[in-house]
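In what follows, a structure is listed as structure tokens, so that the remarks can point back to it.
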2 protein chains.
Amino acid sequence: MKYQRGEADLRVTIGEIARMAGVSKTTVSRVLNNKPDVKPETREMILNLISEYGFQPNAFAKAISLQKSHTVGLIIPYKADYIFSNPFYSEVMRGVSTETSKRGYHLLLCYTHKENYVDIFQQKRVEGFIVISPGSTHKNIIHKLTEIEAPFVATSKIPGEQNIKYVDIDNFYAAALAMEHLISLGHRRIGLIIGPPVLTSSEERMSGYISTLKKYNIPYNGNLVRQGNGSIESGYAAMGELLNEELTAVFVTCDTMAMGAIKAIKEKNKVVPRDISIVGFDDIPLAQILDPPLTTIKQPAYEKGASAARMLIDLIEGKEVTENCILPVDIVVRNSTSNIL
Amino acid sequence: MKYQRGEADLRVTIGEIARMAGVSKTTVSRVLNNKPDVKPETREMILNLISEYGFQPNAFAKAISLQKSHTVGLIIPYKADYIFSNPFYSEVMRGVSTETSKRGYHLLLCYTHKENYVDIFQQKRVEGFIVISPGSTHKNIIHKLTEIEAPFVATSKIPGEQNIKYVDIDNFYAAALAMEHLISLGHRRIGLIIGPPVLTSSEERMSGYISTLKKYNIPYNGNLVRQGNGSIESGYAAMGELLNEELTAVFVTCDTMAMGAIKAIKEKNKVVPRDISIVGFDDIPLAQILDPPLTTIKQPAYEKGASAARMLIDLIEGKEVTENCILPVDIVVRNSTSNIL
DNA sequence: TTGTAGGCGTTATCAA
DNA sequence: TTGATAACGCCTACAA
């Protein structure tokens, strides 16, 4: 006896439909793919059967046949708890997801435990990847992806890496925006709480900070600069130290750290913005309900994800993708900043 | 000429490996799947070729042949911005994702725009679904999934639905825990800000609230109860109203709403917990850095997701899954509650 | 307008 | 210990 699948086979396949319609699989396939050259009555009859049985062609069979999985992978490189707990990244993911499905693709989640994304690609599960904001500690991911020749797009520049596609904002300009705002309010002694140095964004925001100081002839003072890892706690700790310095304002390069910073300030019985003005970065939803509502640099998180998805799919489909994508930023002035008294 | 794929075909397939090894595909397949009956030398030679070429069997070809995609779908039923911006759900997703990959499955993200998950299932892309905390407004999803006979597990009970598999906590008990805490501190006039009625959890927490009042002979007062949709803003609005009532404590059934509530209290120049004690729910990471740090009911978010994944995969693999899974909760006492003065 | 036949990359049966 | 062959469900070149 020949090799046969399971018993009473209820699966509806193109063959089943064909049999019931009394035509060949080819004809059904033609109907399925809206090809011409099918007699209207035949088409209609087949269409009826298809809808009656809720038939859908097996995606994987199609994938093998067409050498196309219509699926992309989403690589989340940081320790998952970091990404997952920062609402900014959630928005990026939402953008990726929505755009992906709009283009008729599916999204496979890939954690970077081990290098499972390599397998996933080589098994042809996905046609490419979106890498959520990798930093210099994730160069191995980038290199590996390059090595296996997987198309990918990152949602941030990567320090020292050329020739990779990314979507990003102008971090230098964004930082300058924050600084100009503070300076226009009369602040001169302005602190900085900067993100992890593994991120290009940190580097660039740092230059924006320094360079704006210079523009206004304010001397740079390393004592006013502290580093955090992006978490609320690290912002709290950094601010705790800065409170020993004389300053009237602090630029904090992400809203989560700004939350920590504000907490530290309050604990010293100082008041934002009366004693210290704070500018954050990202404009996460929470920013507007903080006490006080946070003045911050708004970057288009959703659009960042969506653009990355768009670029990747263009890449996959062989369209020219020469330009990287730089998205606009803006400052949202709320109540955490005020004129110096 | 016969139908042929692309030009210089660099794809490494089982056939290629077989050709290079001078054996049949069958033998390579045996090696691939660790079957016995392969001469050690043959096996080694094939293994070498496999690693040399980084060969991985095409996942989809395998899926067709085995009638098994090794993939599950993650359905996010709420308006995406809601789920995505509540850190609690992020944790659930992380649990799902980690457990899924631990079991050798892949995770496909499914937004519920239209009923795309139906297609995804019928195209055999996934073998089942995890539905993130559906409410009564998502019964259509549940019904549809039942109709197409897709295995699925929800991360919450669903009002009025029997016979569905879910992971949840004992919401009644959890609410009682919160109430007992407040009552033990001497509070008698305790308000409630409850979540959307579409969620079973709201219903059950509500009974927990009422029933604990009764246990201590405290009369139920509808004026002390308000409803929110889970957002910070709704908590803010609800608390704004409750401030017109005489009360000394409020049980808020999620931390995000509690954040809004605290904001409202502060704006009236009242102090938490001196004037009003607050108990939240979920214990999101933010809870401990709020001002004051929030006393709240901790539910195991990560584990909720992980358990759901575990149940689903058991289901898919034909293991008995008779019991639904009820996870433990606990109260975390911080500084937003205090003795009544 | 339709059907035949072969190919996509894998695994399973059965005979050698 | 191995291989020929068919099967999974789909698509397409080509002939009818």
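Below, read A as the first sequence line, B as the second, and so on, with proteins coming before strands; counting in each chain starts at 1.
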Would you mind reading off the distance between B/N58 atom CG and D/dC10 atom P, rounded to a whole angstrom?
-> 16 Å
In whole angstroms, the gap separating P of D/dC10 from CD1 of A/I50 amounts to 10 Å
Euclidean distance, atom CD1 of residue B/I14 to atom P of C/dG7 [Å, nearest integer] | 18 Å
Does a side-chain heavy-atom distance below 4.5 Å link B/I141 with B/Y117?
-> yes
Rounded off to whole Å, could you give me the CZ-to-P distance for the A/R19 and C/dT4 pair?
-> 15 Å
Donor-acceptor pair under 3.5 Å: do we get one between B/T26's side chain and the base of D/dA4?
-> yes
How is A/S29 classified with respect to the nucleic acid when contacts are heavy atoms under 4.0 Å: base, sugar-phosphate, or nothing?
-> base
Does the distance from a Lys or Arg side-chain N to an Asp or Glu carboxylate O, for B/R310 and B/E303, drop under 4.0 Å?
-> yes
Check whether any side-chain heavy atom of B/I14 sits under 4.5 Å from a side-chain heavy atom of B/S29, and report yes or no.
-> yes
Selection: residues 31-49 of chain A, any non-hydrogen atom under 4.0 Å of DNA chain D | A/N33, A/K35
B/D314: side-chain hydrogen bond (donor to acceptor under 3.5 Å, both in side chains) partners, not counting sequence neighbours | B/R103
Over how many whole Å does the gap from B/K25 atom NZ to C/dG7 atom P extend?
-> 11 Å
Taking CD1 from A/I64 and C1' from C/dG6, how many angstroms apart are they, rounded to a whole number?
-> 15 Å
Salt bridge check: are A/K304 and A/D168 linked by an N-O gap of less than 4.0 Å?
-> yes
Let me know, please, whether B/T27 or B/A61 comes out on the 5' side of the other along DNA chain D by nearest nucleotide.
-> B/T27
Think A/S65 has a side-chain N or O under 4.0 angstrom from the OP1 or OP2 of D/dC11?
-> no
When we call it a touch if two heavy atoms are under 4.0 Å apart, what does B/Q123 touch: a base, just sugar-phosphate, or nothing?
-> nothing
Minimum side-chain heavy-atom gap B/V31-B/L47 below 4.5 Å = yes
Would you indicate which nucleotide in C/dT10, D/dC11, C/dC8 comes nearest to any side-chain atom of B/T13?
-> C/dT10
Check the side chains of B/H70 and B/E127 for a donor-acceptor pair under 3.5 angstrom, ignoring hydrogens and angles.
-> no
From C/dT13, C/dC8, C/dT10, nucleotide with atom closest to B/R30 side chain = C/dT13
Using a heavy-atom cut-off of under 4.0 Å over every strand shown, decide if B/K124 touches base, sugar-phosphate, or nothing.
-> nothing
How long is the line joining NE2 of B/H70 and C1' of D/dC8, in whole Å?
-> 16 Å
